Amino acid sequence: MTKVKKSSMLLSCLLLAALVSLLAYIDGSASSYIVRITRLCAINIVLALSMNLVQGFTGIFSLGHAGFMAIGAYTVALLTIPVAKKETLFMLEPLIAPFNTLTLPFGAALLIGGLLAAALAFLIGLPCLRLRGDYLAIATLGFSEIIRIVITNAQSLTNGAQGLKSIPKTANIWWCYGIALAVLIFISLLISSSFGRALKAIREDEIAAESMGISLLGHKMLSFMLSAFLAGVGGGLYASYIGTIGPDVFQISRTYDILMIVVMGGMGSISGSVVAAFLVTIGQEWLRVLDGPLPFLPFWPENGVSGMRMVVFSILLLIVILFFRNGLFGHREITWSAIGRRLSALAGHHKDGEVKAHE
Amino acid sequence: MNKRVLEVNHATMRFGGLVAVNDLCMHIDHQEIVALIGPNGAGKTTAFNMITGVYTPTSGSVTLNSRSITGLRPDRIAHAGIARTFQNIRLFKSLTVLDNVLIAQHLRLTSSWPAAVLRMPRYRRENEQMYRRAEELLTYMGLWDVRGEIANSLPYGMQRKLEIARALATQPVLLLLDEPAAGMNPAESAELTELIRGIRDRFHLTVLLIEHHMDVVMDISDRIYVLNYGSLIAEGTPAEIQQNEDVIHAYLGGDDDEA
């Protein structure tokens, strides 16, 4: 192993340790409100990374994310709600077998949710992935809506519009960050592999990629199914996080929320998605102040203007798009060697002698 | 006789009422350099697209090393051993020079994606092999020093070379070059001619090229096929083609040349 690799491995371990201690501190000492937002950040990282895989790295303009999230969320809900609770929940029509008597551990339910989402992605992908650009976006958007409408109407499976309550809130800070980290590592390894390069080639130029022997449908399907799997897992985490789900939770606006994170961070940047997931999640909460009364503004209505934060948020997003056309990171990534170069460049201004030591 | 690499048998490409290529018959032997020429709109690129699977011929067949590749998808044809460059350069623009050449080797990867993600030993070996071959190819093409550059930022001539390097990285038996000398000055064209000969010898390749620069065509080709209005009007050595009445007529004479 080279010296650079060794030191970046060491730095990564240190960072991980710091992160774990920070999370332990938040989990133990911070208010439950802060803990909730911290968990939501991790869930949004999972969702953003999964969307970035198709949108940013493969160049597939898919807008079906809310649908895949819904599959994961409902699977987790149906497999983890205690049997006694299910009986009281399904008042109009009883829950069909085997779900009425079956409960599984949270981890297994998440996995199954992801797998079901991936299986559905395969079926949706067969016709849709032959389409390009806007057509593909519209088709996937349509399928996402179909999933939601099926959920609304499959009373004996999903409890329809009443939704599902009392989902065990197993997804604590460790579940959320454990999975977020696993997804982060998985995506990084995938993208830096030969398969990741092939996906990027498809994004760059489909015709050239195909002439270089890359099977378009095969690789798009791989990316689409993996993304759906991760979206399903993210949806499952989300279900456990909010505790109550219904068809309304998975409207198209959910897809746009994630898309916003991906675009803001940079299509095709893993670091960008992670950073933007924090920025957007925390920002949306932090700007809540704007919904309430603002006493220092004399002309402001006494009870505040509800929804004001979204106006301000939209303006901020516009600014990002205007000044960072490719998102905050573009295609760039944060790596230890990149940080090292920055630092040595900075140090270079003061003492030239030590520049080499950092490399 | 030499081994026959490519054979096009009575291939016709029809788009609705338009016959872009009509009953094309051609063959290329091992390590030959063959040019396909003709006025604009003669159907040269359509012929290329039939060979590389972009279009499926309306009728007729294409065989590579006596194996039919008619109607196969472009990626399968690349697997079979045909690599190409494009008339208007199609690099993976925002990726590095090195990545461009690595991507072209993806088709020879035997590891599955989980093995790649888990960095299994076989994948590691294959990946190292890819880097080694990329280094070898880029060094040969004089592009190793710019391996870290974004493809789009290279000067035009280097982009052309990179496209050839990328095509070679797929380990083809037949290389198709669509106007490789387009936009080059005479000195650059001469260099290109040497380069094509060089790669033919080094990689034991067979080359089919479309070209408009007649000095390049006459210099490099073992044989020439001439298309006009989708039909083959002549075939022969450069000397024969230069004497051919029909060819001269198609290029210079008559009132039907500006098609």
Side-chain angles (χ1 to χ4, degrees), chain A residues 1 5 53 56-59 118 130 182-227 229-230 266-269 325-326 330-333 337-338 341, chain B residues 48-49 52-54 73-86 88-96 98-120 123-124 126-127 129-131 150-152 163 166-167 169-172 176 178:
Chain A
M1 207 183 271
K5 248 188 183 169
L53 179 62
F57 289 106
T58 323
R130 291 163 206 277
V183 172
L184 179 66
I185 292 171
F186 172 79
I187 298 270
S188 308
L189 286 172
L190 178 72
I191 290 306
S192 59
S193 78
S194 185
F195 285 87
R197 290 194 289 265
L199 297 184
K200 286 189 215 163
I202 292 174
R203 172 190 74 195
E204 294 293 314
D205 191 325
E206 285 196 4
I207 293 173
E210 198 176 27
S211 320
M212 294 302 125
I214 294 168
S215 150
L216 293 183
L217 190 61
H219 284 81
K220 283 181 180 181
M221 189 63 95
L222 172 69
S223 164
F224 194 57
M225 286 175 69
L226 285 176
S227 167
F229 175 83
L230 298 177
M267 298 263 233
S269 168
R325 183 83 26 107
N326 297 316
H331 286 177
R332 288 186 300 274
E333 299 290 354
S337 55
R341 275 196 297 277
Chain B
F48 253 42
N49 284 338
T52 54
V54 176
R73 280 201 321 255
D75 58 297
R76 301 313 309 168
I77 289 181
H79 274 268
I82 298 184
R84 72 174 293 182
T85 66
F86 294 88
N88 33 9
I89 302 175
R90 280 182 173 271
L91 288 168
F92 304 123
K93 288 197 186 73
S94 72
L95 303 181
T96 62
L98 180 62
D99 274 344
N100 267 274
V101 178
L102 288 173
I103 285 164
Q105 299 178 62
H106 180 68
L107 79 168
R108 304 291 172 208
L109 189 77
T110 58
S111 298
S112 63
W113 67 265
V117 169
L118 296 172
R119 302 286 193 268
M120 302 292 262
Y123 171 76
R124 278 167 188 267
E126 287 189 308
N127 199 40
Q129 176 94 40
M130 284 185 186
Y131 274 90
I150 300 299
N152 210 21
E163 240 203 346
R166 186 181 65 174
T170 65
Q171 302 175 38
L176 267 58
D178 198 345

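A note on names: the letters A, B, ... follow the listed sequences, proteins ahead of strands, and every chain is numbered from 1. Keep in mind that this is a model prediction, so the values were computed, not measured.
- Residues of residues 193-202 of chain A lying within less than 4.5 angstrom of chain B, judged on heavy atoms, are Ser193(A), Ser194(A), Phe195(A), Arg197(A), Ala198(A), Lys200(A), Ala201(A) in numerical order.
- Contacts between Ser94(B) and chain A at a heavy-atom distance below 4.5 Å involve backbone atoms as well as side-chain atoms.
- Ranked by heavy-atom pairs under 4.5 Å with chain A, the list Arg119(B), Gln105(B), Arg108(B), Glu163(B) is led by Arg119(B).
- When all heavy atoms of Ala208(A) and Arg90(B) are compared, the pair lying nearest together is CB-O, 3.4 Å.
- When all heavy atoms of Glu210(A) and Ala78(B) are compared, the pair lying nearest together is O-CB, 4.5 Å.
- Looking at His106(B) and Met212(A), their side chains never come closer than 4.5 Å, going by heavy atoms from C-beta outward.
- Comparing Gly213(A), Ser192(A), Ser211(A) by heavy-atom pairs within less than 4.5 Å of chain B, the highest count is held by Gly213(A).
- For a residue to count as touching a neighbouring chain, one of its non-hydrogen atoms must lie under 4.5 Å from one of that chain's; by this rule Ser112(B) touches chain A with the backbone only.
- In this structure, the portion of Leu222(A) lying under 4.5 Å from any heavy atom of chain B is its side chain and not its backbone.
- Contact check for His79(B) versus Ser215(A): no side-chain heavy atoms found under the 4.5 Å cut-off.
- Arg73(B) meets the salt bridge (charged side-chain N to carboxylate O under 4.0 Å, His left out) test with Asp75(B); sequence neighbours excluded.
- No donor-acceptor pair closer than 3.5 Å links the side chain of Glu204(A) to the backbone N or O of Leu91(B).
- Here the closest non-hydrogen pair linking Phe92(B) and Asp205(A) is CE2-O, 3.8 Å.
- Residue Thr85(B) does not touch chain A at all, counting heavy-atom pairs closer than 4.5 Å.
- Within the 4.5 angstrom heavy-atom criterion, no atom of Ala83(B) approaches chain A.
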